[in-house]
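The sequence lines fix the lettering, A, B, ..., with proteins before strands; numbering per chain opens at 1. Since the model is a prediction, treat every value here as computed from it, not as a measurement.
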There are 2 protein chains.
Amino acid sequence: MATSEQTNAVGSSSRYSGVKPRTIEVALGLFTEYGVDGTTLQMIADELGVTKAAVYHQFRTKDEIVISGAEASLARLEVVLDGADDAADPLDHLLSGLIDLSIDQRRMINLLQNDPVMSRLLGQHERYGQLTQRLFRGLTQNLSRGDSRVPVAIVMAAIGGAVTSPLLDEGDHDELRRGLLDLARRLLGPGELRS
Amino acid sequence: MATSEQTNAVGSSSRYSGVKPRTIEVALGLFTEYGVDGTTLQMIADELGVTKAAVYHQFRTKDEIVISGAEASLARLEVVLDGADDAADPLDHLLSGLIDLSIDQRRMINLLQNDPVMSRLLGQHERYGQLTQRLFRGLTQNLSRGDSRVPVAIVMAAIGGAVTSPLLDEGDHDELRRGLLDLARRLLGPGELRS
DNA sequence: GTCTATAGTGCGATAGAC
DNA sequence: GTCTATCGCACTATAGAC
């Protein structure tokens, strides 16, 4: 077990030895626990067992680490959106994919939605704005224009918040998935449901 | 307009001139925009038009400002919980109160639920743990023990997240209140609803 | 109750040897 | 690709004059 094990779970184009994705993985773990601002490069370096300078050899700034982590997550969302375009039931495909993604990457989702530093960086990120718009259009495709914002806000909040709820653990994920899907279909599906 | 204007909107026992609640108000505004870690005492002082030393005359540490802000919010939650105990329909009273409170203090709610510094401080805060337990018991009073955690997590996430959604503004609050109340009644009320 | 000034610390980031 | 060492800066918090 020395030269193999090249997971490449984090999207990037160049062929690297695995230290860069490992750095991102460690950084995201710390970001989700302490926030981006609350995580120092010294903490990341310590967890990796190297010095700050070694981390700065992989990433030129702290912001670059944050963005690299976010982009891996956005790429997965893009796959779901692409798949929904061609699906028989686009809304249902989108909801299933979004919920599975959120449970699978639940710590990252919380970071994307709530961390102030992440929000600031993503606000300047072109692709993020495009994905947000595509997601909103996909979620509202069965609603009339006037009453779409509130149900979408509720569904997005429920998904993004419940997957990181301290009340739940891994054993609840199947039930959580069903509960969220049921809720989302009710609020965003065709038909009249609101009072 | 020099000596009067004594709002006292923020709970504290001593009689102070209004600078202390004003400091908390300014601080909370900055905390919700930049996070607790991203807000410096210099920023708070600048917004108040004084120096850092003047702020430190009111609060001994930065943490004390954070906790003072949280306690004002927790006091309001406690009032809602107390009222629900004596209400004809305790669950409905609790839900209405919780949702109104969340919309009214929506920036604070987001801070309480998501800011890492706030979470760390509240974790050491005795009264917060008691209130969390009372809230959970109040929300699950109509559910059987086995299936309570997931619906509560979903309802709490939906309320706490939707009230700060960037998709909504003040004009949507009435519709949001109805949507959240409807959702919460469905998931937490008596009767069988899940698949 | 506010100010100026500063102590002491830890941060992001860089230089240069190996 | 990792190290030691350090720069410049911003931070929390304090001292002491007014």
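At least one donor-acceptor pair closer than 3.5 Å links the side chain of Thr39(B) to the backbone N or O of Leu30(B).
Nucleotide dT14(C) holds its P atom 11 Å from the CG atom of Leu41(A), rounded to whole Å. Between the CD1 atom of Ile44(B) and the P atom of dA13(D) there is a distance of 11 Å, given to the nearest Å. Between the CE atom of Met43(A) and the P atom of dG12(C) there is a distance of 10 Å, rounded to whole Å. As a whole-Å value, the separation of Asp46(B) CG from dT2(C) P is 14 Å.
Tested against Phe31(B) for a side-chain contact (heavy atoms from CB on, under 4.5 Å), the candidates Val36(B), Val26(B), Ile24(B) yield a single pass: Val36(B).
Among the nucleotides dT2(C), dA13(D), dT2(D), the one closest to any side-chain atom of Tyr56(B) is dA13(D).
Asp89(A) pairs by the side-chain hydrogen bond (donor to acceptor under 3.5 Å, both in side chains) definition with nothing, not counting sequence neighbours. Considering only residues two or more places apart in sequence or on other chains, Arg76(A) meets the side-chain hydrogen bond (donor to acceptor under 3.5 Å, both in side chains) condition with Asp104(A). Evaluation of the side-chain hydrogen bond (donor to acceptor under 3.5 Å, both in side chains) rule for Asp82(B) yields Arg134(B) as partners, not counting sequence neighbours. Residues satisfying the side-chain contact (heavy atoms from CB on, under 4.5 Å) criterion with Ala157(A), sequence neighbours excluded, are Ala162(B). Arg127(A) pairs by the salt bridge (charged side-chain N to carboxylate O under 4.0 Å, His left out) definition with Glu78(A), not counting sequence neighbours. Evaluation of the side-chain hydrogen bond (donor to acceptor under 3.5 Å, both in side chains) rule for Gln141(B) yields no partner, not counting sequence neighbours. Considering only residues two or more places apart in sequence or on other chains, Arg22(B) meets the salt bridge (charged side-chain N to carboxylate O under 4.0 Å, His left out) condition with Glu25(B).
Listed by residue number, Arg60(A), Thr61(A), Lys62(A) are the residues of residues 59-66 of chain A with a heavy-atom contact under 4.0 Å to DNA chain C. If you check residues 47-55 of chain B against DNA chain D, the residues with a heavy atom closer than 4.0 Å are Lys52(B), Ala53(B), listed by number. Contacts with DNA chain C (heavy atom under 4.0 Å) in residues 29-38 of chain B: none are found.
Residue pairs meeting the side-chain hydrogen bond (donor to acceptor under 3.5 Å, both in side chains) criterion with at least one partner in residues 57-66 of chain A, sequence neighbours excluded, do not occur; the list is empty. Within the structure, side-chain hydrogen bond (donor to acceptor under 3.5 Å, both in side chains) contacts touching residues 27-38 of chain A (residues at least two apart or in different chains) do not occur.
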